[in-house]
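Have a look at the structure below before the remarks.
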Amino acid sequence: MVLILSRSDLERVLDMGEVIHALEDAFKEKADGKAIMPVRSSVSTPSGTWFGVMPAFLGELNSFTTKIVSVQPKNFDRKLPTILASIALNDAESGELVALLEGSYITAMRTGALGGVAAKYLSRKDASSAGIFGAGVQARTQLVALKHVRNITRVLVYDPFVERAKDFSKEMSDKLGLKVDVSSSPSELLDESDIIVTVSTSKEPLFNGQDLKPGTHINAFGNFKPTERELDSETIRRSRVVVDDREAAFAEAGDLSFPINEGVITKDHIAADLGEVITGSKQARSSQEEITLFKSVGLGIQDCAASTLAYKKAVEMGVGTKVSL
Ligand SMILES: NC(=O)c1ccc[n+]([C@@H]2O[C@H](COP(=O)([O-])OP(=O)(O)OC[C@H]3O[C@@H](n4cnc5c(N)ncnc54)[C@H](O)[C@@H]3O)[C@@H](O)[C@H]2O)c1
């Protein structure tokens with residue numbers, strides 16, 4: 001029998017604090033060299049839909065997952081999410097398919113949770129303000145996760161579609177009991193934020209890296225194509241840069257390939273990957289003044305860890321629909 005987990009099932013079983021822990025464990029396993037995960041394969045269609053196929057194995061969980069994910073920014077006009085996904089979970093021993101999960105919710109939870117893990121290790125412990133570029137789906141879970149790891153009391157959000165920023169401000173103020181305001185400009189957001197999250201669909205740099213305050217931490221999640229970027233070269237040059245995975249980041253992150261191609265940095269500028277920071281083999285932040293930056297392109301082990309957690313909890317709680325295929 002295969003367990004089908006819908007979005008509402010996943011909303012019942014997944015808790016952000018638990019997903020943060022699951023991802024921390026997955027990145028430790030990656031650092032220990034035990035996770036198996038190729039760089040994803042992708043197809044871009046003539047209409048601009050990007051499809052990625054992301055397999056991953058985590059031995060500690062004995063799980064293998066494959067996510068099929070699409071990104072289509074024009075979906076907003078169709079009243080559909082930009083990112084749509086589905087995930088298959090297989091027993092890694094027998095190969096048997098054990099669950100099919102709605103993947104957009106898992107994606108938002110595992111992406112937000114990774115922002116939480118990165119901020120826990122890299123941001124200043126006294127960070128209390130967050131500034132978010134992009135008021136979409138991922139921005140919401142990024143903020144929920146940040147609140148789990150730092151005492152965030154003030155939030156600014158910037159989006160050129162002001163109505164989206166206003167909706168975000170109202171929804172997240174009500175949900176988290178936080179002061180969430182719409183920012184009038186990128187430079188105001190930079191001035192007033194200890195932690196900056198870039199999670200937009202922009203293809204151009206969102207701000208000028210010269211304007212960054214010392215001590216800022218940046219969680220850069222938005223861009224995943226080598227020909228587009230959210231961050232300018234100055235931001236990367238000024239920052240201690242940690243990535244989710246070197247191979248994937250060099251293959252996919254325009255935020256890194258532009259400054260490398262311009263000769264502003266070399267690949268050695270990347271200080272660590274996140275697993276190395278979590279296990280302590282590489283240093284996280286070295287001073288209160290240092291600017292730190294975590295660049296994520298998104299990895300299959302995140303989906304594997306979050307999906308396995310969801311599956312185990314669903315079985316415990318009797319949630320989901322069993323079908324025989
Ligand atoms: N790293 C990862 O693992 C990961 C996972 C999921 C999504 N993403 C990426 O995160 C980004 C956001 O995804 P989403 O699902 O929230 O999309 P979304 O469409 O729900 O939201 C994106 C928002 O960005 C806004 N935006 C566009 N240009 C902007 C600019 N210049 N300044 C500020 N905001 C701007 C849009 O108006 C929109 O509100 C996408 O690029 C997506 O590919 C990364």
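We count ligands from 1, going down the list as the structure has it; atoms in each ligand are counted the same way. Every heavy atom of this structure was used, including side-chain atoms; hydrogens, water molecules and symmetry mates were not.
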Distance-only side-chain donor-acceptor flag, Arg240 / Ser286, under 3.5 Å: no
Can you name the residues that come within less than 4.0 Å of ligand 1, going by heavy atoms only? Thr82, Ile83, Thr107, Arg110, Thr111, Gly134, Ala135, Gly136, Val137, Gln138, Tyr158, Asp159, Pro160, Phe161, Arg164, Val199, Ser200, Thr201, Ser202, Leu206, Phe221, Gly222, Phe224, Ser296, Val297, Gly298
Test: Glu262 and Arg229 ion pair at under 4.0 Å: yes
For this output row, return yes or no: ring centroids of Phe207 and Tyr158 closer than 6.0 angstrom. no
Mind checking whether Pro259 and Arg237 have side chains closer than 4.5 Å, heavy atoms only? no
With a 4.5 Å limit on heavy-atom distance, are the side chains of Val155 and Leu176 in contact? no
Charged N-O contact under 4.0 Å between Lys166 and Glu163: yes
